[in-house]
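Numbered from 1 within each chain, the chains take letters A, B, ... in sequence-line order.
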Number of protein chains: 2
Amino acid sequence: MDLTSRTEHAGHTGRSCRPGPARDGRPLAALAGLLADGTRASVCLVLLDGRAWTAGELARAVGVTAATVSSHLDKLVAGGLLAEVRQGRHRYVRLAGPDAAQLIEDLSVHAGPPPRPRASLRSASAGAAMARARTCYDHLAGALGVAVTDALLERGLLQQSTGFAVTDTGVAWFADLGMDLSERSGRRPMARSCLDWTERRPHLAGRAGAALCTHALGSGWCERVGSRRALRVTATGREALAELLGMDVGATLSHTAGTA
Amino acid sequence: MDLTSRTEHAGHTGRSCRPGPARDGRPLAALAGLLADGTRASVCLVLLDGRAWTAGELARAVGVTAATVSSHLDKLVAGGLLAEVRQGRHRYVRLAGPDAAQLIEDLSVHAGPPPRPRASLRSASAGAAMARARTCYDHLAGALGVAVTDALLERGLLQQSTGFAVTDTGVAWFADLGMDLSERSGRRPMARSCLDWTERRPHLAGRAGAALCTHALGSGWCERVGSRRALRVTATGREALAELLGMDVGATLSHTAGTA
DNA sequence: CCCTCACTTCGACGGCCGCCGAAACGTCCG
DNA sequence: CGGACGTTTCGGCGGCCGTCGAAGTGAGGG
């Protein structure tokens, strides 16, 4: 209530009140509050695979009642983090968009488990050890994502400054594979950097990352394993990655993380 | 009941029901929880000015008791978002670092007031209308920050791909002003893009942004107005910006936003 | 040495929120 | 049409948390 009066004050004059308008923190708090619950946070992390899940699936995945997850979904949808599609007696939800996915990713990184010292940062992307392949919302992640990104950088198809930028030759490379990166979709950048939890290294996201992931799945380079985010690189995928990017994808790709 | 039994099942075995370990959302929730309170969020937004505030100042700024703010500071410090320095009977707190500032900025943008249609995006950076100058953690923001960024881009000192990158000539330009950008401080990028609330346009942050802001304040280009984030461009600053960047900084800089 | 002041601790109040089981609602299917 | 199933609503329980005033702690200053 003290809070209320203060806000009325500052709220009406916009942001330009005298010495201490103290920009209202409630919108921020409302957004943060959506993720401030362990169950809701888990739901969002599960949805980072970029696909739509039904309410029941999510309930089982995070270990709560359908009733509980239902109310959580209400909040997440109302808060704009999730989008829903009702189909018959099913309620499908997915992340509202790349923005929401990015937000959750960012927070996850900051909240990350106490910065555990990594064994060998380099060896993780060194070919044989690249077991962990998966998707992150709509692009490739895990060791596979990092390795592909490294390969793109090495071949001059991608450039790293602050984030990533697709070079001219890179655009041509994508075009050769039937991916037109020029068409802008909303405000989404062509390339952007995404830091994931397991690798702690940036990998390619943005329109280019999404296109590459779609292509990888569509042309049989990778296939989903189980019902989650895990991927497996197929034989044709190994060939394609070797030919197109000079990557040496070991045979260890059969075991993937995140499933059993 | 089928559902029920399955849920008990999942509940007791932790969250590791077969197909999905369903990464634990609690770390994320804990971090989000820090900002999920209106008062704590307000405190963090106030601290975005990059300076250290005492507990009492913050209490007055956000309109709560000293006792209340004290407990909030405990949590924010424990959560790693704030750093504190005890000096005599004062407790100074500031944001823990650029990471924390960036996190709060990002969330603020997402939580931003319903995407209000901007009047004229371009005119806002057009010289005479650049009244709103301020700092954002440790770099220039507001219309001034955007205008300076635009000028840097126009002169080829900065390049925009996904984010920002300082060009070679840009590094030399900074060096001429006595700023050595080569020294890496931690993992902070040389240049990065920061999107602030008021302009809704990216401006220069990162090491280069911080160096420029420090230089602007140190060499008298700008001076703080009041006790908050607002800045005023001085006469010498106008000259310098005109000479070095060809900027036409109107005389309207005397009125600034955020103070009176 | 005492008074002031900034801050912290304590206790208590109140409210909000996540959780569940049970029951209701719709849809799909046989 | 009736039964199964996914989802939602409802009621109620329990716990956590933000808030304050009052008392306590400790540093500064006269």
Determine the contact category for Ala55(A): base if any of its heavy atoms lies under 4.0 Å from a base atom, sugar-phosphate if only primed atoms, P, OP1 or OP2 are that close, otherwise nothing. sugar-phosphate
Where does the angle between the aromatic ring planes of His215(B) and Trp221(B) fall among parallel (under 30°), tilted (30 to 60°) and perpendicular (over 60°)? perpendicular
Can you measure Arg26(A) atom CZ to dG18(D) atom P for me and round it to whole angstrom units? 16 Å
Return the minimal non-hydrogen interatomic distance between Cys44(B) and Leu35(B), and the atom names on each side. SG-CD2, 3.7 Å
Round to a whole Å and report the spacing from NE2 of His90(A) to C1' of dC29(C). 12 Å
Within the structure shown, what part of the strands sits under 4.0 Å from Ser71(A) by heavy-atom distance: base, sugar-phosphate, or nothing? nothing
Please enumerate all residues that pass side chain to side chain donor-acceptor pair (under 3.5 Å) together with Arg94(B), with sequence neighbours excluded. none
Please determine, for the side chain of Ala67(B), which listed nucleotide (dC28(C), dA27(D), dG21(D)) has the closest atom? dG21(D)
Please determine if a side-chain N or O atom of Ser70(A) lies less than 4.0 Å away from the OP1 or OP2 oxygen of dT7(D). no
For DNA chain D, which residues in residues 73-87 of chain B have a heavy atom at a distance below 4.0 Å? Lys75(B)
Distance check needed: dA6(C) C1' versus Arg89(B) CZ, whole Å only. 6 Å
Please determine, by modelled atom types, if Thr135(B) and Arg224(B) share a side-chain donor-acceptor pair under 3.5 angstrom. yes
What one should report as the nearest heavy-atom pair of Gly80(A) and Ala96(A) is O-CB, 3.2 Å
Please list, chain by chain and in numerical order, all residues satisfying side chain to side chain donor-acceptor pair (under 3.5 Å) with Ser71(A), sequence neighbours excluded. none
I want to check one thing: is the phosphate of dC20(D), taken as OP1 and OP2, less than 4.0 Å away from some side-chain N or O of Thr68(B)? yes
Does anything in residues 32-40 of chain A reach DNA chain C, meaning a heavy atom under 4.0 Å, and if so which residues? Asp37(A), Thr39(A), Arg40(A)
I need the full list of salt bridge (Lys or Arg N to Asp or Glu O under 4.0 Å) pairs touching residues 209-221 of chain B, with sequence neighbours left out, sorted by first then second residue. none
Below 4.0 Å: OP1/OP2 of dG6(D) and any side-chain N or O of Arg91(A): no
Using whole Å, what does the distance between atom C1' of nucleotide dT8(D) and atom CG of Leu58(A) come to? 15 Å
Partners of Asp99(B) by side chain to side chain donor-acceptor pair (under 3.5 Å), sequence neighbours excluded? none
Strictly below 4.0 Å: does Thr65(A) bring a side-chain N or O up to OP1 or OP2 of dC19(C)? no
Check whether any side-chain nitrogen or oxygen of His72(B) sits under 4.0 Å from OP1 or OP2 of dT19(D), and answer yes or no. yes
Arg192(B) (side chain) donor-acceptor with Arg207(B) (main chain) under 3.5 angstrom: no
